[in-house]
Amino acid sequence: MSKILVIAEHLGGKLNPSTARAVSAAAAAKPEAIDVLVLADNADAIAAEAAKIEGVSRVLTVTRAENAHALAAVLAPQVAKAAAGYSHVFAPSTTFGKDLAPRVAALLGVAQVSDVMAVEGSHTFKRPIYAGNAIVTVEADPAQTVVATIRTASWPAAAIGANGTPVEALNLDVALPSYTRFVELKQGKSDRPDLQGASKVVSGGRGVGSKENFEIIYKFADRIGAAVGASRAAVDAGYVPNEMQVGQTGKIIAPELYMAIGISGAIQHLTGIKDAGTIVAINKDAEAPIFEIADLGLVGDLFKIVPELEAALAG
Amino acid sequence: MKILVGYKRVVDYNVRIQVKPDGTGVVTEGVKLSANPFDDIALEEALRLREKGVAEEVVIVGIGPADLTAHLRNGLAMGANRAIHVTTAEAVQPLTAARVFLKLVEKEQPGLVILGKQAIDDDANQTGQMLAALWDRPQATFASKVEIADGKATVTREVDAGLETIEADLPAVITTDLRLNEPRFIKLPDIMKAKSKPIDVIELGSLGVEGGDHLKTTHYAAPPKRSKGVMVKDAAELVATLKQKGLL
Ligand SMILES: Cc1cc2nc3c(=O)[nH]c(=O)nc-3n(C[C@H](O)[C@H](O)[C@H](O)COP(=O)(O)OP(=O)(O)OC[C@H]3O[C@@H](n4cnc5c(N)ncnc54)[C@H](O)[C@@H]3O)c2cc1C
Ligand SMILES: Nc1ncnc2c1ncn2[C@@H]1O[C@H](COP(=O)(O)O)[C@@H](O)[C@H]1O
């Protein structure tokens, strides 16, 4: 039987919802236990949140001052040690998990399965390659620990509401390197919903034309309570910050509603939105590839259409 | 300082990938191959560090079949001093690639290894982190800005929350993100010059790398297709349709 260790992602004392998504994937492997590991300088509040995730057997905490920031070089030796006795180690396929999990796998001397989108059996998984243009089935060696990152857009968050899940402190006693140091994190401040968890996302592309023009996108998104995303071209041109990039090398998302405005629909962008419920495209070029996959398309100038959408909403 | 750069050859990012009908792989016959875009960025960064006087030598590394030579010549034409070609008929998985890089690191003693954050064929995003772990050195993944001074790298990283800056003692492993730089174009005279630059050929089997790739790919499938939807005539119809679907 399998036992799965899920690495909790957190920031600023709060658990990231990606953790509950990784728990869903763990549950799909039908293990005998799913434990969540919280590495932090102050783990209590985060552990309490993790203990509410349905399906979790135990929450394990490792409290050390060195864990104040998620540095892979510092966290990996602790995870590798905590992994003893587990058949699987899962982390979300966010920048946190992508940075950490391969380092853990290498310390354990095992392969890693990246971006698990389906669990077919305890050691059989589906994952995307070539920007999602092919889906492969991979088999991991049952004689080894499986280290995997979980493609969060493929998994719903496990329900919150569990009661009485035990929280236990671990003392791992591992030496940690000091050769990597945290300097700062510049976070975009926004009251808008989080891009990775939002049910509605409005994205702008190069067609929006400038940083100033992007206000049109923000305003419309706020009107419908949506998160805001962007194409790589919009980020490269400096219209919006990097954390808003959607796609193969940005964020992979699965909102119920995705609206692509002034985005052509390059394959690398589409990879990030394939799992969206309904895709809407607004583009002045009727031949834009985005219309090949959009559920609802509207050809026209975004500077005319977006205000009209707002007017129609009011009406 | 010497910089080692990962220089993988992959199917060009513009190619529309087709899965073979029998599910045994993707079609690669007659398909355009190019340098992994993240590796061109890695090489560009190394060249800029050399131009700034931070590094003296830039060495590109390709692990792959015998016909990788032309690809490595491109990297040499872009400006690398020399190339190492680790030959293997089979594609290697990230753990094996990381073990190969570790052997080369032991031999070459670089101050910096720059790899792409991911290869756009396997989309694994693992090799740099694995190498850093095996080497027991710092890693700075998803770099969008690199500064080297006083035996340290100060690296700005593109993370989900924004931009994180970390400091890493050298030697270290850096993996590149898209906005680190824009790779230069290769100039014709440089292609000629590259012909005389050395390529070391080493057989993978001779490196004494611990054996075997651990993941078995048993099936390839095309992704589920999204069907083409409908076009609406104006904003009013779009809003009405979305309201009807309960999305607004
Ligand atoms: C390795 C690699 C990784 C990549 N990763 C990503 C990624 O993660 N995410 C990503 O998005 N891209 C990624 N890309 C880039 C991708 O290939 C495209 O270049 C990019 O998505 C294009 O962005 P865009 O659609 O905004 O710009 P464009 O392709 O320039 O399209 C702009 C669109 O706006 C329309 N338009 C212009 N003006 C108006 C107007 N007034 N009203 C309405 N429509 C208008 C135009 O008709 C056009 O269709 C990657 C590329 C590479 C090589
Ligand atoms: N066969 C290879 N030859 C050269 N470099 C490689 C090879 N495999 C991986 N790399 C390097 O590792 C990076 C990440 O690859 P991956 O972990 O496969 O996504 C690539 O961008 C390359 O820099």
Side-chain angles (χ1 to χ4, degrees), chain A residues 11 71-73 76 94-95 98-99 102-103 105-107 110-115 128-141 144 179-188 224 232 236 241-243 249 251 256-257 274 278 280 292-298 305 308-309 312-313, chain B residues 11 13 17 19 26 93-95 98 120-126 129-130 132-134 136-139 141-142 144 154 158-169 178-179 213-223 226 228-232 234-236 238-239 241-242 245 247-248:
Chain A
L11 184 65
L71 294 169
T94 53
T95 53
K98 288 176 179 172
D99 189 38
R103 191 151 182 136
L107 291 178
V110 303
Q112 174 183 297
V113 186
S114 292
D115 305 315
I129 58 171
Y130 290 104
N133 287 307
I135 311 295
V136 286
T137 306
V138 295
E139 278 174 20
D141 183 350
Q144 296 186 330
Y179 49 50
T180 319
R181 295 165 297 273
F182 174 83
V183 178
E184 64 168 354
L185 174 64
K186 283 206 188 112
Q187 245 179 304
I224 66 168
R232 171 187 171 188
D236 282 1
N242 64 283
E243 64 266 24
T249 54
K251 287 176 179 162
E256 285 162 35
L257 173 63
K274 274 189 181 147
T278 297
V280 173
E292 294 296 316
I293 65 138
D295 300 285
L296 291 166
L298 177 51
I305 290 172
E308 284 174 1
L309 290 174
L313 278 167
Chain B
V11 173
Y13 75 94
I17 293 293
V19 174
V26 302
Q93 289 175 14
L95 183 59
I120 61 161
D121 49 5
D122 64 15
D123 281 335
N125 198 329
Q126 300 174 7
Q129 298 88 313
M130 287 180 160
L134 299 174
D136 190 16
R137 291 306 306 167
Q139 69 188 48
T141 52
F142 325 146
S144 66
T154 304
E158 293 202 0
V159 296
D160 290 340
L163 290 172
E164 183 190 65
T165 304
I166 62 171
E167 198 178 83
D169 295 339
L178 292 172
R179 278 169 285 276
D213 286 330
H214 300 300
L215 296 181
K216 231 176 33 215
T217 299
T218 53
H219 188 70
Y220 291 73
R226 283 190 81 104
K228 198 171 153 77
V230 296
M231 301 303 282
V232 294
D234 58 20
L238 180 55
V239 167
T241 315
L242 290 174
K245 288 180 163 229
L247 291 166
L248 285 180

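Quick note on labels: first sequence line is chain A, next is B, and so on, each numbered from 1.
- In terms of heavy-atom pairs under 4.5 angstrom with chain B, the leader among Ile135(A), Val138(A), Leu296(A) is Ile135(A).
- Proximity to chain A involves both the backbone and the side chain of Thr218(B), based on heavy atoms less than 4.5 angstrom apart.
- With a threshold of 4.5 angstrom between heavy atoms, Ile120(B) approaches chain A through its backbone and through its side chain.
- With values rounded to the nearest 0.5 angstrom, Lys216(B) atom NZ is found 12.5 Å from Thr137(A) atom OG1.
- Contact annotation for Asp136(B): both backbone and side-chain heavy atoms come within less than 4.5 Å of a heavy atom of chain A.
- Asp295(A) and Arg226(B) make their closest contact through OD2-NH2, 2.8 Å (heavy atoms, listed as atom of the first residue, atom of the second, distance).
- Your options are Thr217(B), Asp121(B), Asp122(B), and the one with the most heavy-atom pairs under 4.5 Å with chain A is Asp121(B).
- Interface remark: Ala76(A) contributes no atoms to any contact with chain B (heavy atom separation under 4.5 Å).
- Although no hydrogens or angles enter the test, the distance criterion places a donor-acceptor pair under 3.5 Å between the side chain of Asn242(A) and the main chain of Gly162(B).
- For Pro223(B), the parts sitting under 4.5 Å from any heavy atom of chain A are the backbone and the side chain alike.
- If you tally non-hydrogen atom pairs under 4.5 Å between each of Lys186(A), Glu243(A), Arg103(A), Glu139(A) and chain B, the highest count goes to Arg103(A).
- Across every non-hydrogen atom of Thr95(A) and Phe142(B), the tightest pair is O-CE1, 3.6 Å.
- The distance from the CG atom of Leu298(A) to the CE atom of Met231(B) is 7.0 Å, given to the nearest 0.5 Å.
- Both the backbone and the side chain of Ala221(B) come within less than 4.5 Å of a heavy atom of chain A.
- Between chain A and the options Pro94(B), Ala222(B), Ala236(B), Gly229(B), the largest number of non-hydrogen pairs under 4.5 Å is found for Gly229(B).
- Residue Val280(A) touches chain B through its side chain alone, counting heavy-atom pairs closer than 4.5 Å.
- Of the residues considered (Ala168(B), Pro138(B), Ser144(B)), Pro138(B) shows the highest number of contacts with chain A, using heavy-atom pairs under 4.5 Å.
- Using a 4.5 Å cut-off on side-chain heavy atoms (C-beta onward), Lys98(A) and Thr141(B) make no contact.
- Counting heavy-atom pairs closer than 4.5 Å to chain B, the top-ranked of the candidates Glu184(A), Gln187(A), Lys274(A), Glu256(A) is Glu184(A).
- The minimum heavy-atom distance between Gln126(B) and Gln112(A), with the atom names listed, is NE2-O, 3.0 Å.
- For Ile224(A), the part sitting under 4.5 Å from any heavy atom of chain B is the side chain, from C-beta outward, and nothing else.
- Each of Ala111(A), Gly297(A), Ala73(A) has some count of heavy-atom pairs under 4.5 Å with chain B, and the biggest count is that of Gly297(A).
- Heavy atoms only, all atoms of each residue included: Ala161(B) and Leu11(A) are closest at CB-CD2, 3.8 Å.
- To the nearest 0.5 Å, the span separating CG on Leu215(B) from CG on Asp141(A) amounts to 9.0 Å.
- From Thr165(B), atom OG1 reaches atom CG of Leu185(A) across 8.5 Å, with rounding to the nearest 0.5 Å.
- Summarising the local packing, NZ of Lys228(B) is surrounded by more than 12 heavy atoms from other residues, nucleotides or ligands at distances under 6.0 Å.
- Atom CG of residue Asp236(A) and atom CG of residue Leu178(B) lie 7.0 Å apart, to the nearest 0.5 angstrom.
- Between chain A and the residues Thr154(B), Ile166(B), Val11(B), the largest count of heavy-atom pairs under 4.5 Å involves Ile166(B).
- For chain A, the nearby parts of Val230(B) are the backbone and the side chain; heavy atoms of each come within less than 4.5 Å.
- Your options are Glu158(B), His219(B), Lys245(B), Arg179(B), and the one with the most heavy-atom pairs under 4.5 Å with chain A is Arg179(B).
- Between chain A and the options Val159(B), Asn125(B), Leu163(B), the largest number of non-hydrogen pairs under 4.5 Å is found for Leu163(B).
- For Lys251(A), the part lying under 4.5 angstrom from a heavy atom of chain B is the side chain only.
- Summarising the geometry of Asp115(A) relative to Asp123(B), their closest heavy-atom pair is OD2-O, 3.8 Å, with the distance given to 0.1 Å.
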Could you go through the side chain to side chain contact (heavy atoms under 4.5 Å, CB included) check for Val110(A) and His214(B) one step at a time?
CA-CA 7 Å; Val110(A) 303; His214(B) 300 300; 5.5 Å; no
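- With values rounded to the nearest 0.5 angstrom, Glu167(B) atom CD is found 4.5 Å from Arg181(A) atom CZ.
- Within a 6.0 Å radius of OH in Tyr179(A), other residues, nucleotides and ligands contribute more than 12 heavy atoms.
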Between Val239(B) and Glu308(A), does the side chain to side chain contact (heavy atoms under 4.5 Å, CB included) criterion hold? Intermediate values first, please.
CA-CA 10 Å; Val239(B) 167; Glu308(A) 284 174 1; over 6 Å; no
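- Minimum interatomic distance between Pro102(A) and Met130(B) (heavy atoms only, all atoms of both residues): O-CG, 3.3 Å.
- Within the 4.5 angstrom heavy-atom criterion, atoms from both the backbone and the side chain of Val232(B) approach chain A.
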